[in-house]
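Working notes, structure below.
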Amino acid sequence: MTAEVLMSWELAEVYESPHGKVRWDSFGEGETVVLMHGTPFSSFVWRDVANALSARYRVHLWDMPGYGGSAKFEGQDVSLAAQQAVFTGWLRHCGLNEPSVIAHDFGGAVALRSALLDGVRYRRLALLDAVSVRPWGSEFFRLVNANAEVFAALPPHLHESLVRGYLTTAAHRELRPDVLDRMVAPWLGEDGQPAFYRQIAQADERYTREVEDRYGDLECPVLVGWGEHDTWLPADRARELARRIPHARLEWIPQAGHLVQEDNPARVTALIMEFLAS
């Protein structure tokens with residue numbers, strides 16, 4: 001893919017899920033690898049890593065309902081339980097049996113729930129700065145979660161400034177202006193602004209509480225990767241997650257905050273490549 005194609009980043013396929021249309025795509029040849037984004041992101045954050053992995057693997061990506069190019073609408077259920085149901089259904093729709101899964105942030109919780117509650121099997125599972133053990137979410141995230149209706153009423157220009165400021169705190173390094181613009185865009189406008197607050201309002205730690213005690217039941221090889229400078233989900237969460245999965249391997253990603261794919265894509269790609277080949 002050229003840099004221009006990577007920046008345009010449109011997913012061509014559609015899956016009609018119970019919670020709205022899901023945009024997804026796949027490319028490359030080889031064993032199946034599924035890349036899962038977190039919140040408030042989309043598959044766009046995987047563009048560089050996906051491009052590199054596609055030289056050896058068949059890479060599948062998707063935008064969760066309520067995110068990126070997927071459907072956003074009033075009354076939409078975008079909770080962890082809903083995303084779990086959609087992910088499990090999408091895997092079956094695509095005929096993906098026992099794929100390797102690389103999951104970031106909120107996507108980690110989705111992948112864990114599908115495995116432990118729906119019996120989905122993975123060849124390998126990498127959890128990068130994953131929402132997985134309580135407490136989770138930044139201070140800002142928890143503030144909005146408790147006051148979503150107030151924030152949703154912000155004038156559009158103030159909302160955009162808030163989203164821009166919030167997203168910059170996910171990265172350790174300064175985000176390129178065009179990259180930040182692309183990340184902010186899905187959260188603007190009549191559909192995007194309410195969707196931004198909807199996904200935060202529906203965040204509930206009970207969805208990880210339901211499975212936290214079962215992480216040790218995972219049978220596949222597990223990698224826990226974490227940005228050394230993550231301020232959204234600090235290092236103690238990484239250590240606790242690795243403790244709950246006794247056979248997991250814990251790796252720190254240098255020069256990276258929460259958004260490891262943007263801060264250090266080369267190291268993230270190398271780590272994933274090595275894990276998939278081991």
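Within the model, atoms CG of Leu96 and CH2 of Trp90 stand 6.0 Å from one another, a figure rounded to the nearest 0.5 Å. The distance from the CD atom of Glu174 to the CG atom of Asp263 is 11.5 Å, given to the nearest 0.5 Å. Here the straight-line distance linking atom CZ of Arg244 with atom CG of Leu112 works out to 11.5 Å at 0.5 Å rounding.
Between the side chain of Asp230 and the backbone N or O of Trp232, at least one donor-acceptor pair lies under 3.5 Å. Remark: side-chain polar atoms of Trp62 are not paired, donor with acceptor, to backbone N or O of Tyr15 under 3.5 angstrom. With His247 contributing its side chain and Cys220 its backbone, the two residues share a donor-acceptor pair below 3.5 Å. In this structure, the side chain of Asp129 engages the main chain of Gly227 through a donor-acceptor pair within 3.5 Å. A donor-acceptor pair is defined here as one N or O able to donate and one able to accept, closer than 3.5 Å; no such pair exists between the side chain of Gln202 and the backbone of Tyr197. Between the Arg249 side chain and the Pro221 main chain, no donor and acceptor come within less than 3.5 Å of each other. Between the side chain of Thr168 and the backbone N or O of Tyr166 there is no donor-acceptor pair closer than 3.5 Å. In this structure a side-chain-to-backbone donor-acceptor pair under 3.5 Å is missing from Asp25 to His60. A distance-only check finds no donor-acceptor pair linking the side chain of Gln76 to the backbone of Gly20 [under 3.5 Å]. Under the 3.5 Å distance criterion, the side-chain polar atoms of Arg198 are matched with a main-chain donor or acceptor of Phe73.
There is a side-chain donor-acceptor pair under 3.5 Å between Thr88 and Asp118. With hydrogens and angles left out, the side-chain atoms of Ser26 and Arg58 include a donor and acceptor closer than 3.5 Å. Residues His37 and Asp105 bring no donor and acceptor atom of their side chains to less than 3.5 Å of each other. A donor-acceptor pair shorter than 3.5 Å can be found between the side chains of Gln199 and Thr39. The closest side-chain donor-acceptor pair between Asp48 and Gln261, if any, does not fall under 3.5 angstrom.
Classification of the His104-Trp46 ring pair by plane angle, with boundaries at 30° and 60°, yields perpendicular. Between Phe196 and His159, the two ring planes are perpendicular [angle over 60°; tilted spans 30° to 60°].
Under a cut-off of 6.0 angstrom, the local environment of CG in Asn97 is sparse, with at most 12 non-hydrogen atoms contributed by other residues, nucleotides or ligands.
Tested against Tyr57 for a side-chain contact (heavy atoms from CB on, under 4.5 Å), the candidates Ile272, Thr32, Val33, Val34 yield a single pass: Val33. Residue Glu212 forms a salt bridge (charged side-chain N to carboxylate O under 4.0 Å, His left out) with just one option from Arg134, Arg206, Arg113, and that option is Arg134.
Glu262 has no carboxylate O lying under 4.0 Å from a charged side-chain N of Arg173, or vice versa, which leaves the two without a salt bridge. Using a 4.0 Å cut-off between a side-chain N of Lys or Arg and a carboxylate O of Asp or Glu, Asp217 and Arg214 qualify as a salt bridge.
In this structure, Arg124 satisfies the cation-pi test against Phe275, with its NZ or CZ atom closer than 6.0 Å to the six-membered ring centre and inside 45 degrees of the ring normal.
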Begin with the C-alpha distance, continue with both residues' side-chain angles, and end with the deciding distance and a verdict on side chain to side chain contact (heavy atoms under 4.5 Å, CB included) for Leu259 and Met183.
CA-CA 12 Å; Leu259 201 53; Met183 289 183 180; 3.7 Å; yes

Quick one, Glu274 with Glu251, criterion side chain to side chain contact (heavy atoms under 4.5 Å, CB included). Give me CA distance, side-chain angles, the key distance, then yes/no.
CA-CA 12 Å; Glu274 188 275 334; Glu251 291 283 348; over 6 Å; no

Does Tyr67 form a side chain to side chain contact (heavy atoms under 4.5 Å, CB included) with Phe44? I'd like the steps, not just the answer.
CA-CA 11 Å; Tyr67 295 77; Phe44 175 74; over 6 Å; no

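No continuous path of hydrophobic side-chain contacts links Val14 to Met36 [ILVMFWY only; heavy atoms under 4.5 Å]. Tracing side-chain contacts under 4.5 Å through hydrophobic residues (I, L, V, M, F, W, Y), one reaches Leu233 starting from Val211; they form part of the same cluster.
Contact of the Gln193 side chain with the Leu188 side chain is not registered, since no non-hydrogen atoms from C-beta on lie closer than 4.5 Å. Using a 4.5 Å heavy-atom cutoff, the side chains of Val260 and Arg267 are not in contact. Residues Leu61 and Trp24 fail the side-chain proximity criterion, which asks for heavy atoms closer than 4.5 Å. Residues Glu205 and Pro135 have side chains in contact (heavy-atom distance under 4.5 Å, counting atoms from C-beta outward). Contact check for Ser17 versus Pro65: side-chain heavy atoms found under the 4.5 Å cut-off.
Heavy-atom minimum distance, Arg23 versus Leu11: NH2-O, 2.8 Å. For Phe87 against Ala111, the heavy-atom pair with the smallest separation is CE2-CA, 4.4 Å.
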